[in-house]
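First the structure, in the form of structure tokens, and then the observations on it.
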Amino acid sequence: MNSVERTDVLVVGTGFGGAIAAYHLAAGGAKVVMLERGPWLSSGEFEHDYKLGSSYTRIFDFVVGDGMSVLGGNCVGGGSVVYFAAMPRAPRFVFERRGSIHRRMWPAAIDRDTLEPWYDRVEESIPITKQGWDDVSYAGGLWAAACRHAGRTANPVPAAVDTSTCVNCNWMMAGCRFDAKQSLLLNYLPAALAHGAEIRPLHEVQSISRNADGDYRVHYTRVHDEDYRQTEGTGTIDAKVIVLAAGAAATPVILQRSEPALGPMPHGVGRYFSGNGERLNTAVLNEDRVREVLGLDRGDGLGYAANQIGKGPTVANWDRLDGSLPEYSRYSLEQLYFPPGLGTILALAEDGSWFGPRKKEMLERWQSWLIIFQMIEDDNEGVFGPPPARGNADRLSQQMLGVGRLTYKPTANTLGAWAMADAECKDILERDGLATVTPWTNDLVGAYTVHPLASCRIGDDPHTSALDDRHEVRGHPGIFVTDGSAVPGALTVNPAMTISALAERAIPGIVAAARERGVEVTYGAPAPDGSTSGRRGAAHLVPALMRK
Amino acid sequence: MAPQTPDDHEHRTTTLEAFADTIIPGEKRSAGDRAVAGVSRGGGAVQAGAIELLEWDATGITGGLDDFAAALNRHAAAYAAEHGIPTGDGVPPFVSLPYEDRAAMVRWLTAPGHPEKALWVSLALFCNMAYDSAAHMSTVDALAAGHPGLTSMGIAPPDADGLWRFRAWSYGRPLADVHPATTESGSPA
Ligand SMILES: Cc1cc2nc3c(=O)[nH]c(=O)nc-3n(C[C@H](O)[C@H](O)[C@H](O)COP(=O)(O)OP(=O)(O)OC[C@H]3O[C@@H](n4cnc5c(N)ncnc54)[C@H](O)[C@@H]3O)c2cc1C
């Protein structure tokens, strides 16, 4: 057979960056195919089970690197299926950050004000709840009370969770069984399908080449549906426009592997990776002191003992999100839940050990754990080495665990910010004997992040940004990147809202490029549910974005 | 691969058990239990099913278990010689070490810069997972069977349909002042 499959737009990855692009382009009239390396599960298949091979390990991905391990989604819907759904907007000062390049790292065209209409579009498309104190879990309430006791403020975090159907099971990382979490499976993706987009699960994109007519050819491998170490053949699809949205741990690897066929990649491809400054601390609460010092009572005699109950992060301390403070000293401290397994191995007992009898005693008090998540400003110090044989990792286990090529050596700025945030967690939670607090160790798998960013970023300076401010790969017209890779650096808050807003903002430029390449497509779809106020709010920004 | 005698396999198992017991220690299963050092009360990683999990090829490390055990015993023999600890009483060298020395070896093998670090960390990760998430069993079955790790961590049982739902989840009252610079939709300004 020599018939070549063709589409107008090929989207790699079905997370935030991929789903948003696919929806708008399909709604605008383009033929869209999405390739996703992971399986396609629906809510009835999301299990409450830690057994290897259950939905938890099928849809989750853990790539160990040198100094940085990355956790993410591996399924249709990407990170939105496994994430905790905290959806705050990034604080104003973030857009003025200078970071490791000592000059503004965001494109001049983007600041909080110009991104606001795009945030609004996202908020109209993915229902986001401003949580009230009734929605806040015990763990979040405890963190709020401890913050107040220490003279600080604390905020319920806006979340893409329908609090009326949420059962507070804390199984978010295995996919939401109750459709309370507003993953992309409930908004952008079904809307894209309704407009004719196709999703092909278990298709892992390896590289891109270019045809004589200027179109691109995407090369993929089919992945076994249970043992992801096994592959089941290869294929290609030709497209006029490529949207890369495989996530910041995978997108640069595809471009690196394409370099022999496509020619040199910009310097910023696979460099400037940021882990969003993430680091975790575990507090083990003294239940008596929770009652005596904070006056908390669950009504059944228990003060707290509720680590297992909730919906991920519900409360954050934002006192350090102050633009007048120097860079690398601004961060948020967010209450979080991490399930056993990934959420316990790196926690340190009081004597500093990650294993052994003291660790076991710490585990016996697991219900009294409170995990605090720091998001500091890191220094974009991550660099990707040469790509592995396929995908972005050598897969070790049948699912979930692999070894990638990312190297991350934290600079003094990053280490200093972590130390500052560690000290503040300790100060807040060890007051009056409330808890003992220890940071997670970075000695075992390096630092770790669920928020990979910036490995193929937008910017105005061609040397330090792989993409122009319309998200097009420099020197490779028609290839766009709309995922977390495009975000210039750490955000000090959870990133999905900003990734999504940038993806929304990138669409007019992608539509214009597709039209130039002969695709009949227009810009201007409403929100996936048909709402139009977001579209109206952003309309004045569209003409400039469609001009090159 | 060299043919395995039953004896080799038994040595492999006790060696891996001793490693798992170093990660999450438990009490001896019988008076003559050599693999489990017995430095903790209740079940540890061994009783939680570490060997079952390691021997399941879904982990990706099953094919390497012979090498893990052999390397651990080689390291242990060198360690014992260096520290003047007697070995060779019918159990593999790692098993003959007291708990503190096993722990010292694990700290050394997993320390930043050790050339085999990644391998030993992955072995430890699965031993830990056998205990704290029973990754070789369905979680509902593990809880019903009184799995030592999940039970001692106090994991609450699910509803009858095997799904977790909590009817009470919140203190239900304001517990702090919110940041003055918060937008109407709840974000930082
Ligand atoms: C446990 C957890 C909790 C989180 N909680 C929050 C939170 O509360 N708030 C928040 O803002 N963020 C959170 N995040 C982060 C958030 O999920 C990510 O920032 C977001 O999903 C990134 O979007 P993206 O478009 O960059 O890529 P992703 O959503 O990661 O999507 C990339 C997709 O591409 C696929 N893919 C990768 N390589 C290939 C390939 N070669 N071929 C084809 N497909 C490929 C992947 O399988 C994936 O589906 C969390 C993440 C995790 C893991």
Side-chain angles (χ1 to χ4, degrees), chain A residues 48-53 64 88-89 91-92 123 128 130-131 133-138 141 144-145 147-148 153-158 167-169 171 177 296 298-299 308-310 318-319 321 339-341 344-345 355-357 359-360 363-364 366-367 395-398 401 403 443-445 493, chain B residues 22-25 39-40 44 53 56-61 103 106 110-112 118 121-122 124-125 128-129 131-140 149-150 152-156 158 162-166 168-183 185-189:
Chain A
H48 290 184
D49 202 334
Y50 298 125
K51 186 177 181 181
L52 300 186
V64 179
R89 302 181 186 203
R92 180 167 294 274
E123 196 156 307
I128 295 170
K130 180 186 176 185
Q131 301 196 74
W133 290 101
D134 284 343
D135 304 314
V136 162
S137 64
Y138 293 119
C147 284
R148 181 172 63 187
T153 68
N155 282 48
V157 178
V167 299
N168 289 280
C169 68
W171 279 96
R177 175 67 166 244
L296 294 179
R298 283 171 51 183
Q308 191 182 347
I309 304 173
W318 288 337
D319 289 338
L321 298 187
T344 60
I345 178 90
F355 67 91
K359 179 65 180 281
K360 187 182 176 197
L363 285 169
E364 278 161 15
W366 181 76
Q367 287 288 12
R395 286 194 175 273
L396 174 66
S397 303
Q398 74 173 18
L401 192 58
V403 178
D443 287 347
L444 288 188
V445 294
V493 294
Chain B
T22 310
I23 303 306
I24 305 286
V39 300
S40 172
L53 179 58
W56 183 14
D57 64 2
T59 58
I61 64 173
V106 170
T110 57
V121 168
S122 65
L125 176 71
N128 187 72
M129 275 167 69
Y131 183 80
D132 82 350
S133 33
H136 54 301
M137 302 175 75
S138 111
T139 307
V140 171
L150 302 187
S152 87
M153 287 164 71
I155 306 245
L163 300 174
W164 273 262
R165 295 175 190 80
F166 291 99
W169 64 84
S170 179
Y171 296 111
R173 59 190 166 96
L175 287 163
D177 295 329
V178 299
H179 194 282
T182 302
T183 66
S185 64
S187 280

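Here is how names work: the chains are called A, B, and so on, in the same order as the sequence lines, proteins then strands, and each is numbered from 1.
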Shortest non-hydrogen contact from [X] toward [Y]:
X         : Y         : result
Val493(A) : Pro188(B) : CG1-CG, 4.2 Å
Asp134(A) : Trp169(B) : O-NE1, 3.1 Å
Thr139(B) : Tyr50(A)  : OG1-N, 2.7 Å
Asn168(A) : Phe166(B) : O-CD1, 3.0 Å
Pro158(A) : Ser187(B) : CG-OG, 4.1 Å
Ile155(B) : Pro340(A) : CD1-CG, 4.2 Å

Interface moiety of [X] toward chain B, non-hydrogen atoms closer than 4.5 Å:
X         : result
Arg89(A)  : both
Glu123(A) : side chain
Trp318(A) : both
Leu401(A) : side chain

Say you draw a straight line from [atom1] of [X] to [atom2] of [Y]; how long is it, rounded to the nearest 0.5 Å?
X         : Y         : atom1 : atom2 : answer
Arg165(B) : Arg177(A) : CZ    : CZ    : 8.5 Å
Ser185(B) : Ile128(A) : OG    : CD1   : 8.0 Å
His136(B) : Leu52(A)  : NE2   : CG    : 10.0 Å
Ile24(B)  : Thr344(A) : CD1   : OG1   : 7.5 Å
Glu364(A) : Ser152(B) : CD    : OG    : 5.0 Å

Relative to chain B, which of [options] shows the most heavy atom pairs under 4.5 Å?
options                                    : result
Lys130(A), Lys360(A), Arg92(A), Gln398(A)  : Lys360(A)
Asp135(A), Leu321(A), Leu296(A)            : Leu296(A)
Cys169(A), Gly141(A), Ala145(A), Gly356(A) : Gly356(A)
Lys359(A), Gln367(A), Gln308(A), Arg298(A) : Gln308(A)

Pick from [options] with the largest number of heavy-atom pairs that fall under 4.5 Å of chain A:
options                                    : result
Thr22(B), Asp177(B), Ile23(B)              : Ile23(B)
Ala103(B), Pro174(B), Ala181(B)            : Pro174(B)
Ala156(B), Gly154(B), Ala124(B), Gly149(B) : Ala156(B)
Ala58(B), Gly172(B), Pro112(B)             : Ala58(B)
Ser133(B), Ser170(B), Gly186(B), Ala134(B) : Ser170(B)

Problem set entry | Parallel, tilted or perpendicular: ring planes of Tyr171(B) versus Tyr138(A), cut at 30 and 60 degrees |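 Tyr171(B) and Tyr138(A): perpendicular rings.
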
Side-chain contact, heavy-atom cut-off 4.5 Å: [X] with [Y]?
X         : Y         : answer
Leu163(B) : Val167(A) : no
Asp49(A)  : Val140(B) : no
Val178(B) : Thr153(A) : no
Asp319(A) : His179(B) : yes
Leu363(A) : Tyr131(B) : yes

Problem set entry | Val121(B) vs Val64(A), side-chain contact (heavy atoms from CB on, under 4.5 Å): CA-CA, chis, key distance, verdict | CA-CA 11 Å; Val121(B) 168; Val64(A) 179; over 6 Å; no

Exercise. What part of Met137(B) is in contact with chain A, defined as an atom under 4.5 angstrom from a non-hydrogen atom: side chain, backbone, both or neither?
Worked result: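 Contact with chain A: backbone only.
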
Exercise. Chain A heavy atoms under 4.5 Å from Ala189(B): which part of the residue, side chain, backbone, both or neither?
Worked result: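 Just the backbone, heavy atoms under 4.5 Å.
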
